[in-house]
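Letters go in sequence order (proteins before strands), and every chain restarts at 1.
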Amino acid sequence: MLDVQNLSMRFGGLLAVDQVSLDVQEHEIVSIIGPNGAGKTTVFNCMSGFYKPTGGKILFEGKEIQGTPDYKISRLGMVRTFQHVRLFNSMTVVENLLVAQHRHLNNNLISGLLKTPNYRTREKKSLDRASYWLERVGLLELANVEAGNLAYGQQRRLEIARCMVTEPKLLMLDEPAAGLNPSETRDLNQLIVSLKEDYNVSVVLIEHDMSLVMDISDRINVINQGRPLASGTPDEIRNNDDVIKAYLGEA
Amino acid sequence: MAAHNLKHALFCAIVTLVIAYPILGFNLVASGTDIILEGAKTRTVILVLLAAVAVFLFQLFRDNVMALLGKAPALNPLANRQPMEQGKRLKLESIVLTLIIVGALFWPFFVSRGAVDLATLVLIYIMLALGLNVVVGLAGLLDLGYVAFYAVGAYTFALLSQYYGFSFWLALPLGALLAALFGLVLGFPVLRLRGDYLAIVTLGFGEIIRILLNNMTSLTGGPNGIGGIPDPTLFGMEFGRRVKEEGNTSFHETLGIAYSSEHKVIFLYLIALVLAVITALVIRRLMRMPVGRAWEALREDEIAARSLGLSRTAVKLSAFTIGAFFAGFAGTVFASKQGFISPESFVFLESAIILAIVVLGGMGSQIGVILAAIAVTTLPELAREFSEYRMLIFGAAMVLMMVWRPQGLLPMRRTHIELKAQE
Ligand SMILES: Nc1ncnc2c1ncn2[C@@H]1O[C@H](COP(=O)(O)OP(=O)(O)O)[C@@H](O)[C@H]1O
Ligand SMILES: [Mg+2]
């Protein structure tokens with residue numbers, strides 16, 4: 001469903017991403033790994049429309065989307081989380097989820113002001129969807145707490161829930177396990193697998209936690225200094241000499 | 001640390017001297033055709049020196065003073081109040097609000113004409129502040145030229161009535177819509193700007209509108225303004241002693257009561273009250289709608305908002321447009337109340353006052369903003385003797401607020417949303 005071909009991104013003199021290709025099929029978890037500064041987040045930023053790549057193509061469901069504005073990309077069904085959690089901190093947990101559903105709610109102003117029955121039905125639906133996902137990530141009791149007051153692990157889960165209420169086809173997670181303790185990481189592991197199994201969402205995952213990556217990925221892409229180093233199944237990557245030298249060996 | 005403090009304190013004291021001495025010390029005195037510069041009197045010199053010493057001491061012991069001030073909230077009886085239970089609070093709130101509105105409806109019949117007039121002005125400021133609250137408090141866009149939209153509303157009515165004989169009721173929606181249109185048009189160029197840059201551009205826009213009004217003499221009368229703006233009518237009944245317009249009747253004759261100039265004042269007050277209540281209710285509803293949440297989301301984190309499919313353009317423009325719409329509303333009422341408007345009424349100071357109301361009240365909080373509007377508009381009237389020092393008191397109040405309660409009088413409280421667990 002997603003096909004990235006020879007993606008390049010240059011910042012002035014720095015070629016942060018150099019000819020990276022990757023593809024994601026439906027019902028698949030694909031990981032991107034590589035040392036810090038390898039250009040992983042930059043790949044995400046290109047895919048999600050924050051940067052306009054300086055070279056290469058990005059195809060989503062057969063359509064070229066490179067350079068499409070960010071807010072349009074998420075409307076196509078590709079949403080992302082951020083390496084550093086970005087919540088609407090002074091809004092409550094449930095409001096964070098409601099913001100994300102503005103499209104389902106996007107009636108015109110008048111029907112909202114008058115609270116027409118149609119508007120109410122939609123509003124109720126998005127509240128139901130919000131409480132469903134809050135329950136799913138274990139935040140239902142905290143629905144009316146300001147998002148900025150949540151613990152770090154809870155904020156991470158809220159960010160994923162906020163993506164899921166938009167009912168995406170493809171989810172891009174940028175280091176979702178960073179800063180989590182081992183038990184939280186295990187929960188995250190199960191959550192991501194369940195997103196794929198139960199909700200039929202494909203996942204692109206950037207992650208440093210190798211056990212998590214090896215455990216749940218269907219395929220892995222390794223990039224190093226902006227260039228693709230290897231790609232394949234977890235087993236192939238584990239036994240790839242280049243990867244061991246460049247990345248695993250150093251850890 | 002101490003040495004640094006000393007240096008800083010000295011510096012502040014010197015700045016005080018340098019600024020205060022020429023401003024307060026020198027006087028321009030007219031003698032015949034000449035103007036002579038007169039030196040400072042000893043008394044002034046001593047006062048300026050005392051002020052410098054005060055600044056020096058304050059800066060030297062600033063940390064201690066601020067720590068004391070920081071403790072002050074503990075003295076505030078409301079600070080540690082337990083939040084009331086949700087259902088009970090909502091009920092109480094709606095009862096109190098209804099009582100206030102009913103009270104406000106009947107109150108003008110028992111007080112002086114001056115008080116009603118002032119109250120009308122307060123209501124106009126409430127409308128303005130509620131509208132600006134959308135732009136600054138909710139959407140987080142610092143708009144320093146808000147008064148421009150107020151001017152557009154007022155001048156729309158003034159011009160339409162002067163040239164085409166439009167009545168208040170026709171001009172009211174038109175003024176608001178035209179102001180909204182201006183909001184939309186200004187919105188476009190400033191979309192990409194943030195923070196200080198946005199503030200500067202909007203400030204410039206406000207000034208441009210005022211200068212245009214000042215200079216398009218043939219249309220707007222320039223600094224002379226426009227007079228003879230008609231009062232609102234009630235179902236074709238005029239409130240003047242004699243009917244001005246063909247086809248209208250007069251209020252006191254129709255009802256068979258004696259003419260009183262107070263009828264008109266009270267009627268205007270009631271119109272302003274109704275419009276202010278409508279403004280508050282509409283904005284309150286918008287805050288709980290997707291648009292309102294989108295405004296806040298954009299204020300909180302623009303990148304995250306965009307990643308979720310919110311278009312920055314649409315969200316910012318809607319905030320600007322809706323804010324401007326209510327300023328236009330207020331402007332029309334203002335023009336009708338004054339009967340005469342000139343660019344004088346739409347100077348930057350007005351923008352600053354409205355912004356101060358929003359900040360003092362607590363960004364995003366409607367009740368806070370309404371209370372602050374009442375305080376900021378009525379206090380200077382009550383303390384007439386101090387009117388020379390009005391801006392000084394204003395500034396001091398702002399500084400104290402920022403130290404003591406940076407979140408405003410009544411910070412915004414999130415709405416509680418009841419969720420049912422799903423099976
Ligand atoms: N907006 C930008 N401007 C300039 N350089 C950037 C920008 N974004 C990322 N870079 C650079 O690109 C390189 C890759 O960064 P990044 O994609 O964040 O790496 P990773 O996520 O793999 O740790 C880094 O050297 C970084 O400094
Ligand atoms: Mg990164």
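- Summarising the geometry, atom OG belonging to B:Ser307 is positioned 9.0 Å from atom CE belonging to A:Met172; distances are rounded to the nearest 0.5 Å.
- Looking at B:Ile417 and A:Leu98, their side chains come closer than 4.5 Å, going by heavy atoms from C-beta outward.
- A side-chain donor-acceptor contact under 3.5 Å links A:Arg75 to the backbone of B:Gly309.
- At a heavy-atom cut-off of under 4.5 Å, chain B is reached by A:Phe82, A:Arg86, A:Leu87, A:Phe88, A:Asn89, A:Ser90, A:Met91, A:Thr92, A:Val94, A:Glu95 from residues 81-96 of chain A, listed in order of number.
- Taking CD of B:Glu302 as the reference point, atom CG of A:Asp70 lies at 9.0 Å (rounded to 0.5 Å).
- Chosen from A:Ile73, A:Val99, A:Leu113, A:Leu134, the residue pairing most often with chain B at heavy-atom distances under 4.5 Å is A:Leu113.
- Scanning residues 42-51 of chain A against chain B with a 4.5 Å heavy-atom cutoff picks out A:Phe50, ordered by number.
- Contact of B:Arg299 with chain A is made through the side chain alone, with heavy-atom distances under 4.5 Å.
- Open room surrounds OH on B:Tyr197; 12 or fewer heavy atoms of other groups in view lie less than 6.0 Å from it.
- In this structure, chain A has no heavy atom under 4.5 Å from any part of B:Ile283.
- Within 6.0 Å of atom CG in A:Asp198, more than 12 heavy atoms from other residues, nucleotides or ligands are found, so the atom counts as buried in its surroundings.
- Atom CZ of B:Phe188 has 12 or fewer heavy atoms from other residues, nucleotides or ligands within 6.0 Å.
- Annotation for B:Phe182: atom CZ does not count as buried by contact number, only 12 or fewer foreign heavy atoms lying within 6.0 Å.
- Side-chain contact between B:Met289 and A:Glu123 is absent, with no heavy-atom pair separated by less than 4.5 Å.
- In plain terms, the two heavy atoms of B:Leu308 and A:His102 that are nearest each other are O-NE2, 3.2 Å.
- Partners of A:Asp209 by salt bridge (charged side-chain N to carboxylate O under 4.0 Å, His left out), not counting sequence neighbours: none found.
- Looking at A:Glu159, there are no atoms closer than 4.5 Å to chain B (heavy atoms on both sides), in backbone or side chain.
- Both the backbone and the side chain of B:Ile303 come within contact range of chain A, each with at least one heavy atom under 4.5 Å from a heavy atom of that chain.
- Under the salt bridge (charged side-chain N to carboxylate O under 4.0 Å, His left out) criterion, A:Glu26 pairs with no residue at all, not counting sequence neighbours.
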